[in-house]
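Below is one structure, written out as structure tokens, with a few remarks after it.
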Amino acid sequence: MKIFKIFLNRIFVFGFLILIQILWVFFIGRELLEHYSWIHYLMRLISLMVVLWLVNKDENPSYKISWIIVVLLFPMFGGLLYLLIGNKKPSHKIRRILQPALDEISQVAILEDDVSKTLTESKQDALHYLSDLGYGTYLRTKCRYYSLGDYCYGDLLKDISQAKKYIFMEYFIVSEGLMFENILKILAQKVQEGVEVRFIYDDVGSITTLPYHFEKKLEQLGIQCVVFNPFIPLVSVAMNHRDHRKICIIDGNIGYSGGFNLADEYINVKVRFGHWKDTGIRLEGQGVWNLTTMFLSTWNAYKHQDDDYTQYQPHQLPPIQQDGYVVAYGDSPVDHEETGENIYLNLINQAQKEILIMTPYFIIDETMMKAFLLARRKGVRIQIITPGIPDKRNVYHVTRSYYYSLMKEGVEFYEYKPGFLHAKMVLCDQRIATVGTINFDYRSLYLHFECNVMVTQKFVIKDISKDFKETLALSQKVTLKDSRRFRGIYEAFLRLFAPLM
């Protein structure tokens with residue numbers, strides 16, 4: 001019975017269909033090559049043209065080199081493979097779906113109380129840059145930082161149970177279990193009370209955790225649902241672009257984001273890879289609007305609803321927070337901006353004393369590497385915490401392979417010994433921090449839809465700093481001797497293809 005379920009599993013069926021396609025292309029290609037010798041030269045010509053195009057392309061160098069190696073190693077099919085799945089630009093389908101909604105919401109993206117042009121830190125903290133992309137900076141926002149998903153969960157349940165008008169939720173992974181069952185019960189109850197509930201989940205992110213057509217179950221409960229970029233068993237570049245955001249919005253006044261998805265391991269009810277260390281953030285007030293516009297741009301792209309966006313703006317505003325600002329911002333492969341990477345680089349470059357980082361994956365390019373090295377050479381202390389127990393073995397090997405080059409210059413690496421660290425956090429000079437969904441890897445920085453919250457409020461910075469110190473105390477420092485062992489032939493091979501992972 002168990003074996004029967006495995007064969008009916010969606011990922012097994014789809015994987016089998018993709019394998020058939022690959023084999024079909026291989027055998028058809030072999031037959032054509034045997035009967036039509038000119039195809040042999042055509043395929044090699046395509047590969048050559050792809051290599052030349054990559055050389056001239058304004059593209060991340062590491063990503064280009066990885067693909068050039070693949071194409072040169074397999075000149076018969078390498079060029080065609082790149083054309084099918086290698087281009088980082090979003091597919092025409094994704095762009096066609098999303099761009100009209102993005103253009104429409106850009107008209108109302110910035111509230112009148114945006115202070116990005118008036119703060120003294122505006123240029124230093126790239127607030128002008130974020131404002132130009134449609135992300136306002138606001139002072140009338142209360143903020144709370146959570147050092148674990150466990151702590152955030154109770155507040156999330158309480159807030160959605162008190163919703164009066166609407167609840168918007170957008171998550172990468174949704175898994176049946178205690179966490180989501182409790183949330184689902186409240187959502188179904190709120191629907192009965194007349195609250196509008198909209199729900200977005202990523203199809204690939206939840207492909208192994210939810211049954212096929214789970215959206216129908218939600219709709220039967222009165223919950224409107226969008227399945228982001230549904231997985232189609234075809235070898236296609238479109239499948240690279242996933243909705244990695246984690247957003248919950250209640251009545252436009254309260255918003256949640258962070259690293260945690262809707263699955264039991266994120267609140268440590270279910271044990272996977274030891275203790276699950278994650279972070280979250282709760283906003284109340286004007287700063288929620290940026291999260292709302294991110295959600296609505298995706299929602300309206302799929303549902304084509306004629307929304308009056310102003311009805312979703314925050315209307316319960318706390319007093320002006322004198323000790324700092326909040327700005328939620330997103331990253332998208334559609335806008336031709338590496339927003340997440342640019343903000344990380346800006347924080348590293350502006351640091352004068354220290355940079356503290358928590359990240360589950362550390363797969364960086366030469367630009368990021370140079371930024372860290374230059375920061376060290378001007379005396380900045382850099383401490384980076386990564387997982388002690390990995391969730392993906394190969395990614396873990398690649399992450400560790402970066403230690404040695406940076407540690408030679410004095411960068412400190414620590415591994416969280418109790419388990420898997422999924423938090424994505426950067427704290428610069430005990431003054432400014434960013435928390436959210438953006439990893440230090442190629443997928444987050446170039447392919448996925450992401451969101452982070454940048455904050456300078458002093459009491460929040462204090463909480464983030466405290467959490468880093470407590471996490472550091474539970475972590476083991478990596479020695480330079482250890483880091484040398486993480487640079488074997490296997491790691492070198494993985495590093496070669498790291499941008500493709």
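Counting heavy atoms from C-beta outward, Asn439 and Pro360 have side chains that approach closer than 4.5 Å. When side chains are defined from C-beta on, Arg242 does not count as touching Leu447, because their heavy atoms never get closer than 4.5 Å. Ile46 has its side chain out of reach of Met49: every pair of non-hydrogen atoms, C-beta onward, lies at least 4.5 Å apart. Residues Asp125 and Leu130 form no side-chain contact, since every pair of their non-hydrogen atoms from C-beta on lies 4.5 Å or further apart. For the pair Leu98 and Ser297, the minimum side-chain heavy-atom distance is 4.5 Å or more. At a threshold of 4.5 Å between non-hydrogen side-chain atoms, the residues Ile183 and Met169 count as touching. Residues Leu133 and Tyr329 have side chains not in contact (no heavy-atom distance under 4.5 Å, counting atoms from C-beta outward). For the pair Thr437 and Tyr171, the minimum side-chain heavy-atom distance is 4.5 Å or more.
When only modelled atom types and interatomic distance are considered, Gln350 and Arg431 share a side-chain donor-acceptor pair under 3.5 Å. Of the N and O atoms on the side chains of Tyr266 and Asn261, at least one donor lies less than 3.5 Å from an acceptor on the other residue. Side-chain contact annotation: Tyr135 with Thr339, donor-acceptor N/O pair under 3.5 Å absent. Side-chain contact, Tyr404 with Glu491: no donor N or O sits under 3.5 Å from an acceptor N or O. Looking at Tyr414 and Thr471, their side chains never bring a donor and an acceptor atom within 3.5 Å of each other. Counting only N and O atoms by type, the side chains of Tyr146 and Asp155 include a donor and acceptor under 3.5 Å apart.
Legend: residues meeting side-chain hydrogen bond (donor to acceptor under 3.5 Å, both in side chains) with Asp132, ordered by chain and number and at least two apart, are absent. With sequence neighbours left out, the side-chain hydrogen bond (donor to acceptor under 3.5 Å, both in side chains) criterion links Ser401 to Arg495. Contacts of Asp463 classified as side-chain hydrogen bond (donor to acceptor under 3.5 Å, both in side chains), with partners at least two apart in sequence or in another chain: none.
With His422 as reference, Trp276 is the one residue of Phe273, Trp276, Tyr416 to meet the side chain to side chain contact (heavy atoms under 4.5 Å, CB included) rule. Each of Leu421, Val426, Val435 was evaluated against Met358; a single residue qualifies, Leu421, per the side chain to side chain contact (heavy atoms under 4.5 Å, CB included) test.
For Arg400 (side chain) and Arg485 (main-chain N/O), no donor-acceptor pair under 3.5 Å exists by modelled atom type. Remark: the backbone N or O of Ala423 is not paired with any side-chain donor or acceptor of Thr279 at under 3.5 angstrom. In this structure a side-chain-to-backbone donor-acceptor pair under 3.5 Å is missing from Ser444 to Phe440. With hydrogens and angles ignored, the 3.5 Å screen pairs a side-chain donor or acceptor of Lys378 with a backbone N or O of Asn349. Between the side chain of Ser465 and the main chain of Lys462, no donor-acceptor pair closer than 3.5 Å is present. Judged purely by atom type and a 3.5 angstrom limit, Tyr153 uses its side chain to pair as donor or acceptor with the backbone of Met179. Counting only distance, with no hydrogens or angles, the side chain of His244 and the backbone of Phe449 share no donor-acceptor pair below 3.5 Å.
At most 12 non-hydrogen atoms from other residues, nucleotides or ligands lie less than 6.0 angstrom from CD of Gln476. No more than 12 heavy-atom neighbours from other residues, nucleotides or ligands sit within 6.0 angstrom of NZ on Lys481. The neighbour count for Phe486 CZ, taken as heavy atoms of other residues, nucleotides or ligands under 6.0 Å away, is above 12.
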Without placing hydrogens or testing angles, list every side-chain donor-acceptor pair under 3.5 Å for residues 366-376, not counting sequence neighbours.
| from | atom 1 | to | atom 2 | distance (Å) |
| --- | --- | --- | --- | --- |
| Arg376 | NE | Glu409 | O | 2.8 |
| Arg376 | NH1 | Val380 | O | 2.8 |

Derivation and outcome, side chain to side chain contact (heavy atoms under 4.5 Å, CB included), residues Leu474 and His275
CA-CA 11 Å; Leu474 296 171; His275 183 264; over 6 Å; no
Please evaluate residues Met454 and Leu127 with respect to the criterion side chain to side chain contact (heavy atoms under 4.5 Å, CB included), reporting the C-alpha separation (whole Å), side-chain torsions for both, the decisive distance (0.1 Å), and the verdict.
CA-CA 10 Å; Met454 193 159 66; Leu127 302 184; 3.9 Å; yes
Go through the steps to decide whether Thr386 and Tyr403 satisfy the test side chain to side chain donor-acceptor pair (under 3.5 Å), and finish with yes or no.
CA-CA 11 Å; Thr386 61; Tyr403 290 178; 2.7 Å; yes
Would you sort out whether Arg487 and Ser405 count as a side chain to side chain contact (heavy atoms under 4.5 Å, CB included), showing the intermediate values?
CA-CA 10 Å; Arg487 289 166 52 89; Ser405 299; 3.5 Å; yes
Applying side chain to side chain contact (heavy atoms under 4.5 Å, CB included) to Val227 and Phe214, what does each step give before you reach the verdict?
CA-CA 9 Å; Val227 181; Phe214 184 74; over 6 Å; no
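The aromatic rings of Phe172 and His448 sit tilted relative to each other, their planes meeting at an angle between 30° and 60°. Between Phe413 and Phe362, the two ring planes are perpendicular [angle over 60°; tilted spans 30° to 60°]. Ring geometry for Trp299 against Phe295 counts as parallel: the plane angle stays under 30°, on a 0 to 90° scale with 60° as the upper cut.
Each salt bridge (Lys or Arg N to Asp or Glu O under 4.0 Å) pair with one or both residues in residues 266-283, not counting sequence neighbours, appears once here: Asp159-Arg282, Glu265-Arg272, Lys277-Asp467, Arg282-Glu284. Within the structure, the salt bridge (Lys or Arg N to Asp or Glu O under 4.0 Å) test picks out no pair touching residues 350-363 (sequence neighbours left out).
Heavy atoms only, all atoms of each residue included: Ile385 and Ser475 are closest at CG2-OG, 3.6 Å. Ile464 and Ala433 make their closest contact through CD1-CB, 3.7 Å (heavy atoms, listed as atom of the first residue, atom of the second, distance). Between Lys246 and Phe260, the closest heavy-atom pair is CG-O, 3.3 Å. The minimum heavy-atom distance linking Val455 with Ile461 is given by the pair O-CD1, 3.6 Å. Across every non-hydrogen atom of Asn229 and Asp203, the tightest pair is O-CB, 4.0 Å. The two residues Tyr396 and Pro387 make their nearest non-hydrogen contact at CE1-O, 3.5 Å.
With rounding to the nearest 0.5 Å, the separation of CG in Asn342 from CG in Asn346 is 8.5 Å. Rounding to the nearest 0.5 Å gives a distance of 9.5 Å between CD of Glu170 and CG of Asp202. Going from atom CG of Asn290 over to atom CG of Asn452 covers 12.5 Å, rounded to the nearest 0.5 Å. Taking CD from Glu412 and CD1 from Ile355, the interatomic distance works out to 13.5 Å, rounded to the nearest 0.5 Å. Here the straight-line distance linking atom OG1 of Thr359 with atom CG of Asp441 works out to 7.0 Å at 0.5 Å rounding. With values rounded to the nearest 0.5 angstrom, Phe180 atom CZ is found 13.0 Å from Ile267 atom CD1.
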